[in-house]
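Just follow the structure's listing: the first ligand is 1, and inside any ligand the first atom is 1.
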Amino acid sequence: MVNIGFVRRILNQSQMMLFFITLCVTVVILAHMYLQSHNRPKPLSDTVIFKKTSVLAMEHISSAPERLKDLIAKSAPKKNRSALPLCPEQPSHLVGKMNIKPTVTLEEVTKENNLKNISFGGRYSPQNCNGRERTAIIIPYRDRKEHLEICVRHLHAVLQRQELEYGIYVVEMALPTQFNRGLLANAGVRTVREIYDYTCFIIHDVDMLMTDDRNLYRCGNQPVHFLTLSTKHGNNSISYADYYGAVVGFTSEQYQKCNGFSNLYFGWGGEDDDLGIRVQSAGMKFIRPKKEIGMYVALLHDGDVSNQRNPNRYVLLSQAKSRWMEEGVETVQFQRLALEYRKLYTWILIRVKEESIVRRYQQYLEDMTSRVPTILLSNVLPIEIVVAFSVNLLFTYVMMDIEQLY
Ligand code: UDP
Ligand code: MN
């Protein structure tokens, strides 16, 4: 990347020395800045920081309902399935493009809604026909109550027009563990599978709203990435071709085939790219809807205290191909603290022992300090290296000129 011969031709020996000394200083400063900003807090000492971060009605945790079967009967929509015809291939009440803005309010989203026919736990089944799909929406969640209220109402409105049989499941990770989106998705699928025989599992970010109801939340013969564009990514394309974030859908078999998400991504970033590698490694390929209908509005938010950028993500990604069969939905370990059927969704609270996961997969999650060179190389952008190099060259030239003046 750096052409040393070129530098040698234009600089003499003492200038070379000066050049390399300043280059080293810049690299050390960059490294220091990187480690300062990316060092995530240690899980157990974070209690103070997390004090302000509420979980959804933590006070409601009265029991630990490990025996789901006792609760299942309560939430199932009552209907004689066999007596009804299949819903039409093309739902007839779709409205197409909807006018939604990232600043949409709860009042606005409540207006368009018919919440009457929703069964407890956020489940719905069309009145006059059998849905072509039984879709479970799984929302990995922590501390985004405002978004959750909007997202869930929007989903109910859209999914009813799509004539699906569906249920909405909000899966929350208890504090103080760093957020882990992939693990929550796996825990969600494992739990939801026990509740009902869903045919399609959609992992859905809480801050993404579809803007066209022709984007049907059904599964396909390949896993589906429902998002082709979003207000976050600009108007013309998603960030990169292999981006599989925000909203993805799998049949039970597809999810099992790629072993779901990795459980090892604590903090922000990487788990969606890892999923892309898993899907490909399992011999499948994500499909997407047409650009016109796969547009999402991204609700605005700041970074999260308990979801720091994961400094391990590039190292983990580099091992994804060799690791995917070993850990995923089949090996996910969690404790279910609560399961509540609320009016508009089912709330599942889980607890995870990050330390025991780290211990179990130690070979993948070694102490960060031994990884510093790899992490530095994979995290400092080429542009930062080019800028450091150019600044040094300029600096050396200026020094050279000053030298020649005397
Ligand atoms: N999330 C959450 N609380 C957090 C962090 C993440 O609920 O503290 C969930 C939420 O569903 C969110 C998703 O994880 O939409 C992805 O995280 P985030 O929005 O931070 O990622 P982005 O794609 O915006 O960078
Ligand atoms: Mn987001």
Side-chain angles (χ1 to χ4, degrees), residues 38 40-41 43 46 49-58 100-104 122 136-155 168-189 201-211 225-234 238-240 242-249 260-263 265-276 295-311 313 317 344-352 354:
H38 291 240
R40 62 188 164 139
D46 286 340
I49 304 173
F50 291 139
K51 247 186 185 163
K52 286 194 195 122
T53 329
S54 68
V55 293
L56 274 180
M58 195 71 168
I100 303 170
K101 297 194 177 61
T103 50
V104 62
I137 308 284
I138 294 171
I139 306 180
Y141 175 86
R142 175 185 279 170
D143 194 32
R144 300 260 184 103
K145 196 148 186 346
E146 231 171 89
H147 287 177
L148 184 64
E149 297 291 336
I150 292 175
C151 180
V152 161
R153 281 173 172 75
H154 181 68
L155 279 168
I168 299 180
Y169 298 86
V170 175
V171 195
E172 175 166 347
M173 184 172 279
L175 294 167
T177 317
Q178 282 281 313
F179 195 75
N180 186 330
R181 181 171 171 268
L183 194 153
L184 283 170
N186 288 340
V189 169
F201 298 87
I202 296 186
I203 316 303
H204 203 297
D205 275 7
V206 75
D207 55 5
M208 286 291 183
L209 307 180
M210 75 155 81
T211 64
H225 185 219
F226 290 95
L227 183 147
T228 52
L229 280 176
S230 93
T231 51
K232 198 170 89 176
H233 298 105
I238 45 177
S239 9
Y240 44 97
D242 289 336
Y243 171 73
Y244 300 115
V247 189
V248 285
F261 278 82
S262 166
N263 299 307
Y265 289 79
F266 286 91
W268 182 92
E271 85 296 338
D272 45 1
D273 299 330
D274 190 294
L275 181 73
M295 173 75 184
Y296 281 73
V297 151
L299 299 174
L300 309 170
H301 63 84
D302 299 326
D304 303 283
V305 176
S306 58
N307 193 27
Q308 303 282 305
R309 260 167 211 274
N310 175 7
R313 65 192 189 280
L317 264 179
L344 299 181
Y345 56 85
T346 297
W347 176 57
I348 300 158
L349 178 69
I350 66 160
R351 176 158 55 204
V352 173
E354 185 174 348

Visitor: State whether the shortest distance between N or O atoms of Arg142 and N or O atoms of ligand 1 falls below 3.5 angstrom.
Guide: yes
Visitor: Among all the protein's non-hydrogen atoms, which is closest to atom 8 (O) of ligand 1, and how far away is it?
Guide: Asp304 CG, 3.1 Å
Visitor: Tell me whether Pro140 has any N or O atom under 3.5 angstrom from an N or O of ligand 1.
Guide: yes
Visitor: So, 4.0 Å and heavy atoms of His301: is ligand 1 close enough to count as a contact?
Guide: yes
Visitor: Run the numbers for me: atoms of ligand 1, each under 4.0 Å from some heavy atom of Lys232, listed by number.
Guide: 22 (P), 23 (O), 24 (O), 25 (O)
Visitor: With a cut-off of 4.0 Å, which atoms of ligand 1 are near a heavy atom of Trp268?
Guide: 20 (O), 21 (O), 22 (P), 25 (O)
Visitor: Is there a donor-acceptor pair closer than 3.5 Å between any side-chain N or O of Thr231 and the backbone N or O of Ala298?
Guide: yes
Visitor: Which of the atoms in ligand 1, numbered in the order shown and given with their element, are less than 4.0 Å from a heavy-atom of Asn307?
Guide: 5 (C), 6 (C), 20 (O)
Visitor: So is there a nitrogen or oxygen of Arg181 less than 3.5 Å from a nitrogen or oxygen in ligand 1?
Guide: no
Visitor: Taking the six-membered ring for Trp and the full ring for Phe, Tyr or His, determine whether the centres of Tyr243 and His233 are under 6.0 Å apart.
Guide: yes
Visitor: Which residue and atom name correspond to the protein heavy atom nearest atom 14 (O) of ligand 1, and how close is it?
Guide: Phe179 CE2, 3.4 Å
Visitor: Does a salt bridge link Arg181 with Asp272, judged by any charged N lying under 4.0 Å from a carboxylate O?
Guide: no
Visitor: If the test is side chain to side chain contact (heavy atoms under 4.5 Å, CB included), which one of Val247, Ile139, Val189 qualifies with Ile203?
Guide: Val189
Visitor: Can you list the ligand 1 atoms lying under 4.0 Å from a non-hydrogen atom of Tyr141?
Guide: 7 (O)
Visitor: Does the side-chain hydrogen bond (donor to acceptor under 3.5 Å, both in side chains) test come out yes or no for Trp347 and Glu172, once each step is laid out?
Guide: CA-CA 8 Å; Trp347 176 57; Glu172 175 166 347; 3.1 Å; yes
Visitor: Nearest to atom 19 (O) of ligand 1, what protein heavy atom do you find, and at what distance?
Guide: Asp207 OD2, 3.0 Å
Visitor: Sub-3.5 Å donor-acceptor pair from the side chain of Arg313 to the main-chain atoms of Asn310, do we have one?
Guide: yes
Visitor: Using ring centroids (six-membered ring only for Trp), state whether His147 and Tyr141 fall under 6.0 Å.
Guide: no
Visitor: Judged by modelled atom types alone, do Asn263 and Asn186 share a side-chain donor-acceptor pair under 3.5 Å?
Guide: yes
Visitor: So, Thr211 side chain and Val297 main chain: donor-acceptor pair closer than 3.5 Å or not?
Guide: no
Visitor: If I only include protein atoms of type N, O or S, how many are less than 2.8 Å from the Mn ion (ligand 2)?
Guide: 2
Visitor: May I ask you to identify the nearest protein heavy atom to atom 18 (P) of ligand 1, giving residue, atom name and distance to one decimal place in Å?
Guide: Arg144 NH2, 3.6 Å
Visitor: May I ask you to list the atoms of ligand 1 that are less than 4.0 angstrom from any heavy atom of Val206?
Guide: 10 (C), 11 (O), 15 (O)
Visitor: So, does His225 use its side chain to make a donor-acceptor pair with the main chain of Gly245 at under 3.5 Å?
Guide: yes
Visitor: Considering heavy atoms of the protein only, find what lies nearest to atom 16 (C) of ligand 1 and give residue, atom and distance to 0.1 Å.
Guide: Asp205 OD2, 3.4 Å
Visitor: Does the Glu271 side chain pair with the main chain of Asn180, one donor and one acceptor, at a distance under 3.5 Å?
Guide: no
Visitor: Is there a donor in the side chain of Tyr244 and an acceptor in the side chain of Asp274, or the other way round, less than 3.5 Å apart?
Guide: no
Visitor: Please check if the side chain of Arg351 supplies one atom and the backbone of Ala174 the other of a donor-acceptor pair under 3.5 Å.
Guide: no
Visitor: May I ask whether Asp143 places a heavy atom under 4.0 Å from ligand 1?
Guide: no
